[in-house]
Structures are given as C-alpha cells and as structure tokens.
Amino acid sequence: MRDEHFYTRAIKLNPEKAEEYYLGRAEFYCIDHDYDKAYKDFIKAEKLGANIKESHRYNICEDFINADKHIAELTEKILANPDNYENYCQRAKFYLLQRKYSECISDVEKAIQINPCPFTYEFMDDMSYKI
C-alpha cells in the first residue's frame, strides 16, 4: 500500500517514527508531481532529524519551489547572451518542472538551433520522455 493516506495514518499511529513516514509521504508526493506537498514533508522530516539534502527528490522539490527565481535569472542570462544554448537547456528544465510544456519545448528547440550537437539532442530526448 503506497498512498498518502497510509503515511498520514502511520504518522498519527506511530509518531516516534514520524520522520520515516514524512520521508515516505514526501517521496510519494514527488512521484505524483505534487512538489509543494512533498517539499513541506521533507522539511518536517528534516526538523525531526532526517538528512534530506542528499535526496534526489528533495533537490527536485527545491528546484520546483525556486523555479520562478531560476527562470528569471536564466532569462536575464539569455538576454545578455542569446547564443548560449546551455541557458536555454537549463531554463527548459525549470519550465518542465512547472509543467509549462510549450515553453520547455521552445527552449530546447532554440538550444538545438544554436548547438545541434549530440548532447543537445540527448537532452531533447530526455525532455520528450518526461513530457
């Protein structure tokens, strides 16, 4: 059984293991792309002693929470240097986290236009898979 209700009940029934259950529920929320809820549970688990900084999914949540800031910074970089394909690739990842698919695809296409190398195509394949 892997759903949020299981973890919520487990936290209430077994509070001495709440750290583990918050981590489990945070993972569940991440898989379900509910990054706001996942981030909150990661923070609760951290307050209870969990080391969340090494968690790949925590890093995704943190990127999601700060996506608008990163997009703004990357947009500034793109305006200053419109021929740097890496900035388009990076911004595309943040658009993908926000489920802004047309913006994501537009940035990846621009990156390929600037630098049609195998890495850029591989990045496009990865983005397509996630979309």
Side-chain angles (χ1 to χ4, degrees):
M1 176 190 260
R2 204 187 89 187
D3 67 13
E4 77 179 283
H5 302 296
F6 166 79
Y7 293 110
T8 302
R9 286 189 64 220
I11 290 166
K12 290 178 184 175
L13 294 172
N14 202 356
E16 64 275 357
K17 292 193 175 193
E19 170 189 335
E20 294 173 36
Y21 297 129
Y22 279 122
L23 284 174
R25 192 169 67 179
E27 295 282 329
F28 169 80
Y29 286 140
C30 277
I31 291 167
D32 206 31
H33 305 285
D34 196 343
Y35 300 116
D36 285 323
K37 287 181 180 178
Y39 185 76
K40 289 174 186 173
D41 275 0
F42 275 123
I43 298 304
K44 288 177 186 175
E46 183 179 44
K47 286 180 181 175
L48 294 171
N51 179 8
I52 62 171
K53 302 296 183 195
E54 294 178 11
S55 167
H56 171 69
R57 289 200 172 112
Y58 168 74
N59 293 328
I60 291 170
C61 290
E62 195 170 47
D63 281 347
F64 174 80
I65 296 299
N66 296 309
D68 288 332
K69 179 184 121 192
H70 292 301
I71 289 169
E73 290 170 355
L74 288 162
T75 300
E76 289 292 320
K77 288 181 179 181
I78 288 168
L79 291 172
N81 186 2
D83 293 329
N84 184 330
Y85 77 97
E86 291 174 348
N87 290 330
Y88 289 98
C89 290
Q90 290 299 313
R91 191 171 69 173
K93 289 195 297 191
F94 291 108
Y95 281 138
L96 181 63
L97 276 174
Q98 293 183 327
R99 296 183 180 187
K100 294 181 178 176
Y101 301 125
S102 57
E103 290 92 336
C104 173
I105 291 169
S106 177
D107 274 1
V108 173
E109 288 175 343
K110 183 66 176 175
I112 289 172
Q113 184 181 43
I114 294 168
N115 186 15
C117 71
F119 166 77
T120 314
Y121 285 107
E122 184 179 307
F123 186 81
M124 179 66 168
D125 284 345
D126 187 47
M127 290 288 120
S128 299
Y129 173 75
K130 290 177 182 176
I131 292 172

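The structure places CZ of F42 at 5.0 Å from SG of C61, a figure rounded to the nearest 0.5 Å. From K17, atom NZ reaches atom CG of L23 across 13.0 Å, with rounding to the nearest 0.5 Å. Atom-to-atom distance recorded for H56:NE2 and E27:CD is 9.5 Å, nearest 0.5 angstrom. Note that the CD atom of E86 and the CD1 atom of I114 stand 10.5 Å from one another [nearest 0.5 Å]. Considering CZ of F28 and CG of D34, their distance stands at 8.5 Å, rounded to 0.5 Å. E19 contributes atom CD, which lies 11.5 Å from atom CD1 of I11 (distance to the nearest 0.5 angstrom).
Between K110 and Q113, the closest side-chain pair of non-hydrogen atoms falls below 4.5 Å. Side-chain contact between H70 and E73 is present, with at least one heavy-atom pair separated by less than 4.5 Å. Between K77 and N84, the closest side-chain pair of non-hydrogen atoms is not below 4.5 Å. Between Q98 and E103, every side-chain heavy-atom pair lies at or beyond the 4.5 Å cut-off.
Follow the hydrophobic side-chain contacts under 4.5 Å out from I52 and you reach L97 in the same cluster. Residues F94 and I65 fall within the same hydrophobic cluster, defined by Ile, Leu, Val, Met, Phe, Trp and Tyr side chains chained together at heavy-atom separations under 4.5 Å. Hydrophobic clustering (side-chain heavy atoms under 4.5 Å, transitive across Ile, Leu, Val, Met, Phe, Trp, Tyr) groups I60 together with I43. No continuous path of hydrophobic side-chain contacts links Y29 to F64 [ILVMFWY only; heavy atoms under 4.5 Å]. Clustering ILVMFWY residues whenever any of their side-chain heavy atoms sit less than 4.5 angstrom apart, transitively, puts Y95 in a cluster other than the one holding Y88.
The number of heavy-atom neighbours closer than 6.0 Å to CD of E54, taken from other residues, nucleotides and ligands shown, is 12 or below.
The backbone N or O of S102 lies less than 3.5 Å from no partner atom in the side chain of S106, so there is not a single donor-acceptor pair. Although no hydrogens or angles enter the test, the distance criterion places a donor-acceptor pair under 3.5 Å between the side chain of N66 and the main chain of E62.
The aromatic rings of Y39 and Y58 lie parallel to each other, their planes meeting at an angle below 30°, with 60° marking the opposite boundary.
In terms of heavy-atom proximity, D107 sits nearest to R91 at OD2-NE, 2.6 Å.
Donor-acceptor pairing under 3.5 Å is recorded for the side chains of H33 and Y35.
Using a 4.0 Å cut-off between charged side-chain N and carboxylate O, K53 and E46 make a salt bridge.
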